[in-house]
Amino acid sequence: LVGPPGGPSPLRPLHGSQRRQSTAGHWLTRRAAAAGESVEMLSDDAAGRAAALGLLATELEGLPASEVWRVRVFAGLRRLVHERRLSGAGLVHLFDGDTGGQAISVLSLLDSRSFALLGGTCRHWRCMPQWTEHWFLLGRRDFGKHRRLVPPGRFERFDEVLLEADVDWHARFLRFVDAAHCPSIDALRMAAVRVVHGLDLETSGVEEVRRRLAEELRLGQDFLSLECVEQLLEDASSLRVFGGGGGHP
């Protein structure tokens with residue numbers, strides 16, 4: 001016995017995915033034969049459309065009401081896509097206008113990760129008037145009243161600066177995300193103590209301390225000014241003198 005080229009040998013039983021593929025293929029073949037479908041029926045001519053609608057009505061009769069509504073919603077979405085394609089308009093056109101267009105309410109459903117991914121797909125989103133305002137709302141939602149370290153070395157709430165046009169709220173949001181490993185002034189001071197315990201301050205300058213602190217807290221070099229680092233060194237020295245550090249938080 002010889003099987004089809006590249007296919008399983010008829011002398012061997014089918015296993016796993018091969019059996020499932022074979023069963024699915026036979027089921028589709030029987031369904032197509034029973035319904036009398038053909039390639040011509042799927043064409044765009046009037047006869048093919050009428051036949052497809054008739055078969056669709058037959059299939060819908062066998063579905064419960066909840067599934068019929070699912071099909072209706074999907075059909076409505078496909079109709080919108082088809083109409084937009086015919087008019088040459090894309091999804092971004094739904095957001096046109098000073099008020100953001102018809103679908104601006106969709107933005108409130110997105111979390112920060114989804115909103116960032118959306119902004120990476122097209123410059124249109126980043127140019128929307130609501131772009132920076134929505135990052136402000138996301139920041140208030142994600143960080144609340146929690147303070148985070150911001151350059152040049154102070155702790156602020158996300159909404160502590162006013163909502164103004166010249167504030168880059170997206171950049172501020174990213175700053176707060178980057179400062180996740182330094183949630184409080186106590187965490188910053190204890191990190192300074194750990195750095196000081198591992199350095200010879202007579203041979204290491206303030207720049208080296210700042211670099212080590214940035215590595216310890218996984219921060220950018222610009223998060224801490226030299227004046228801030230000097231103050232942290234004074235605090236760390238006091239902790240060492242009074243035995244309050246020990247190198248462990």
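On a predicted model such as this, the values are computed, not experimentally measured, just so you know.
Interatomic distance, OG1 of T132 versus CZ of R172, reported as 11.5 Å (0.5 Å rounding). To the nearest 0.5 Å, atoms SG (C228) and CG (L149) are separated by 7.0 Å.
Annotation: R218, atom CZ; neighbour count of heavy atoms from other residues, nucleotides and ligands within 6.0 Å does not exceed 12.
When all heavy atoms of C182 and L188 are compared, the closest pair comes out as SG-CB, 3.8 Å. The minimum heavy-atom distance between E216 and A191, with the atom names listed, is CG-CB, 3.9 Å. Across all their heavy atoms, V68 and L60 have their closest contact at CG2-O, 3.9 Å. Looking at every heavy atom in both residues, A214 comes nearest to G220 through CB-O, 4.2 Å. In terms of heavy atoms, P183 sits closest to A187 at CD-CB, 3.9 Å. Among all heavy-atom pairs drawn from L118 and W125, the shortest one is O-CD1, 2.9 Å.
Between the side chain of R157 and the backbone N or O of K145 there is no donor-acceptor pair closer than 3.5 Å. In this structure, the side chain of S225 engages the main chain of P152 through a donor-acceptor pair within 3.5 Å.
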Walk me through whether E160 and R154 qualify under salt bridge (Lys or Arg N to Asp or Glu O under 4.0 Å). CA-CA 12 Å; E160 196 160 328; R154 59 179 179 271; over 6 Å; no
Start with the C-alpha distance between V177 and D142, add both sets of side-chain angles, then the distance that settles side-chain contact (heavy atoms from CB on, under 4.5 Å), and finish with yes or no. CA-CA 10 Å; V177 172; D142 287 7; over 6 Å; no
Taking it one step at a time, do L219 and H181 satisfy side-chain contact (heavy atoms from CB on, under 4.5 Å)? CA-CA 8 Å; L219 298 172; H181 300 283; over 6 Å; no
Run the numbers on F74 and R70 for side-chain contact (heavy atoms from CB on, under 4.5 Å), then give the verdict. CA-CA 6 Å; F74 180 76; R70 287 176 181 270; over 6 Å; no
I'd like to know whether L138 forms a side-chain contact (heavy atoms from CB on, under 4.5 Å) with R141, so could you lay out the CA-CA distance, the side-chain angles of the two residues, the decisive distance to 0.1 Å, and finally the verdict. CA-CA 5 Å; L138 285 171; R141 185 172 70 187; 2.8 Å; yes
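Every ring-ring contact (aromatic ring centres under 6.0 Å, His included) that H170 has, sequence neighbours left out, goes to W131, W135. Among residues two or more places apart in sequence or in another chain, the side chain to side chain donor-acceptor pair (under 3.5 Å) test is passed with R140 by none. Not counting sequence neighbours, the partners of R175 by the side chain to side chain contact (heavy atoms under 4.5 Å, CB included) test are P151, D222, F223. With sequence neighbours left out, Q231 forms a side chain to side chain contact (heavy atoms under 4.5 Å, CB included) with E234, D235. Listed by chain and number, the residues in a side chain to side chain donor-acceptor pair (under 3.5 Å) with S184 amount to none (sequence neighbours excluded). Partners of D111 according to the side chain to side chain donor-acceptor pair (under 3.5 Å) rule, which considers only residues two or more places apart in sequence or in another chain, are S114.
Aromatic rings of W169 and F158 (six-membered ring for Trp) have centroids within the 6.0 Å cut-off, being under it.
No continuous path of ILVMFWY side-chain contacts below 4.5 Å connects L174 to F136, so the two sit in separate hydrophobic clusters.
A salt bridge between E208 and R212 is present, with a side-chain N of the basic residue lying under 4.0 Å from a carboxylate O of the acidic one.
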